[in-house]
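Below, read A as the first sequence line, B as the second, and so on, with proteins coming before strands; counting in each chain starts at 1.
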There are 2 protein chains.
Amino acid sequence: MQTNIEILRKNKLSITQGRLVILDIFLQTEGALAHADIEKKLSSNFDRVTVYRTLQSFVEKGVIHQIPTTDNTILYALCKENCEAGHHHDEHVHFVCVECEQTTCLENVIVPKVKLPRGFKPFQAAMIVKGHCVSCKY
Amino acid sequence: MQTNIEILRKNKLSITQGRLVILDIFLQTEGALAHADIEKKLSSNFDRVTVYRTLQSFVEKGVIHQIPTTDNTILYALCKENCEAGHHHDEHVHFVCVECEQTTCLENVIVPKVKLPRGFKPFQAAMIVKGHCVSCKY
DNA sequence: AGAAACTTGCAACAACATTGCAAAACCATT
DNA sequence: AATGGTTTTGCAATGTTGTTGCAAGTTTCT
Ligand SMILES: [Mn+2]
Ligand SMILES: [Mn+2]
Ligand SMILES: [Zn+2]
Ligand SMILES: [Zn+2]
């Protein structure tokens with residue numbers, strides 16, 4: 001497991017308090033986080049704008065990836081694979097629990113390929129599964 | 001192909017100007033629409049709030065379905081299958097063109113089942129494929 | 001240490017979303 | 001067709017979320 005500093009170094013991001021703290025939040029969190037979640041978890045008070053900009057540069061550098069939602073929100077989670085600036089390789093499935101509302105990266109479940117109609121050229125696919133997660137059996 | 005009135009009747013929604021017009025927009029549009037797109041296409045001026053509420057009841061009744069995005073937006077598209085209030089059956093793949101930015105329902109490409117880790121109970125899955133659409137070959 | 005490059009906070013603003021309430025439209029019934 | 005009960009709409013107010021420019025503060029490099 002890499003430390004926050006190592007991750008920043010590796011991705012050529014300058015090392016600042018804000019980035020370290022936000023990265024730590026991701027490192028300590030199981031599951032995905034929305035902007036709002038991060039702000040809540042930030043004990044020290046960083047400006048909202050800083051959080052926005054930090055998330056943005058993390059996505060650009062391939063430190064975190066985005067997970068689509070249907071609630072006017074974007075979720076973010078650490079990239080565990082070797083993502084680089086511009087090219088993410090997070091082809092795993094995301095699971096949204098309808099009970100606890102947690103979204104989990106299923107690192108070991110890769111998104112299957114599908115056969116598209118003639119003419120469509122895919123280059124990236126995301127899959128989101130809703131249901132009951134392992135902690136919320138019913 | 002059903003008319004706007006037929007769709008409202010079938011779903012026990014009272015027939016109002018706003019609903020008819022918004023449904024027409026969906027019926028005349030290839031691809032998915034965001035709230036903002038609908039407001040732009042509305043020549044007559046309906047209140048923003050009405051559009052929100054209309055979309056909401058359409059989703060609840062199974063007239064339209066939502067498509068997740070990573071840009072703080074929700075896309076909506078007509079349900080062509082027999083969706084009902086509470087239970088949608090739109091298990092098709094959605095294609096997002098990075099060129100023209102159109103999102104298309106690939107009605108004939110169904111979302112494949114994936115094997116989840118022990119303990120996860122799925123009940124719905126969505127899949128979004130990004131790439132170049134059939135009109136934007138490069 | 002000093003200069004250049006980058007990051008941050010602040011303030012102002014813009015865009016988007018939600019709520020309560022009264023007026024209007026709709027629908028079922030007579 | 002008129003009536004009355006129910007649902008929907010618009011408005012106004014308010015809240016939430018996201019963006020931008022700029023000056024001050026940090027970080028990095030030499
Ligand atoms: Mn993930
Ligand atoms: Mn669809
Ligand atoms: Zn759960
Ligand atoms: Zn296209």
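Rounded to whole Å, the distance from NE2 on His35(B) to P on dT17(D) is 17 Å. In this entry the distance linking CG of Leu8(B) with P of dT7(D) reads 16 Å, nearest Å. We find that CD of Glu60(A) is positioned 10 Å from P of dT7(C), with the value rounded to whole Å. Separating the CD1 atom of Ile74(A) from the P atom of dT17(D) is a distance of 13 Å, rounded to the nearest angstrom. Computed from coordinates, the Phe46(A) CZ to dG25(D) P distance equals 17 Å when rounded to whole Å. Asp47(A) places its CG atom 15 Å from the P atom of dG25(D), with the value rounded to the nearest Å. What separates OH of Tyr52(B) from P of dG10(D) is a distance of 15 Å, to the nearest Å. Protein atom CZ of Arg48(B) is 16 Å distant from nucleotide atom P of dA13(D), rounded to whole Å.
Atom CG of Leu20(A) has more than 12 neighbouring heavy atoms from other residues, nucleotides or ligands inside a 6.0 Å radius.
Across its full length, the helix from dA1(C)-dT30(D) to dT30(C)-dA1(D) shows an angle of 40° between the axes of its 5 terminal pairs at either end, rounded to 10 degrees.
Every pair tested for ring pair (Phe, Tyr, Trp, His ring centres under 6.0 Å) that includes a residue from residues 3-34 of chain A fails, sequence neighbours excluded, so the list is empty.
When the side chain to side chain donor-acceptor pair (under 3.5 Å) test is applied to Asp24(A), the partners found at least two apart in sequence or on another chain are Asn4(A). Residues that satisfy the salt bridge (charged side-chain N to carboxylate O under 4.0 Å, His left out) test with Arg53(B), not counting sequence neighbours, are absent from this structure. Taking Thr69(A) as the reference, Asp71(A) meet the side chain to side chain donor-acceptor pair (under 3.5 Å) condition, with sequence neighbours excluded.
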Check: protein-nucleotides 3-5 of chain D nitrogen or oxygen pairs below 3.5 Å:
none

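Between Val51(A) and Gln56(B), the residue whose closest nucleotide on DNA chain C is further toward the 5' end is Val51(A).
Taking Ile, Leu, Val, Met, Phe, Trp and Tyr as hydrophobic and joining them when side-chain heavy atoms fall under 4.5 Å apart, one finds Leu116(B) in a cluster with Val93(A), Phe95(A), Leu106(A), Val109(A), Val111(A), Val114(A), Leu116(A), Phe120(A), Met127(A), Val129(A), Val134(A), Val93(B), Phe95(B), Leu106(B), Val109(B), Val111(B), Val114(B), Phe120(B), Met127(B), Val129(B), Val134(B). Through direct or relayed side-chain contacts under 4.5 Å between Ile, Leu, Val, Met, Phe, Trp and Tyr, Ile67(B) connects to Leu75(B). Residues Val96(A), Ile128(A), Val96(B) make up the rest of the hydrophobic cluster containing Ile128(B), defined by ILVMFWY side-chain heavy atoms closer than 4.5 Å, directly or through other members. When hydrophobic residues (I, L, V, M, F, W, Y) are linked wherever their side-chain heavy atoms come within less than 4.5 Å, the members clustered with Phe123(A) are Val98(B).
Of the side-chain N and O atoms in Asn72(A), one or more sit less than 4.0 angstrom from OP1 or OP2 of dA17(C). Taking only side-chain nitrogens and oxygens, Arg19(B) comes nearer than 4.0 Å to OP1 or OP2 of dT8(D).
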Which donor-acceptor pairs under 3.5 Å do side chains of residues 31-39 of chain B form with protein atoms, sequence neighbours excluded?
unit_1: His35(B); atom_1: NE2; unit_2: Glu39(B); atom_2: OE1; d: 3.1
unit_1: Asp37(B); atom_1: OD2; unit_2: Ala34(B); atom_2: N; d: 2.7
unit_1: Glu39(B); atom_1: OE1; unit_2: Arg48(B); atom_2: NH1; d: 3.3

Checklist line | Per-nucleotide protein contact string for nucleotides 20-30 of chain C, where B marks a base within reach and S marks sugar-phosphate only (heavy atoms under 4.0 Å, - for neither) | finding: B-----SS---

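Paired with Val51(A) under the rule side chain to side chain contact (heavy atoms under 4.5 Å, CB included), one option of Leu55(A), Asp47(A), Thr54(A) passes, and it is Leu55(A).
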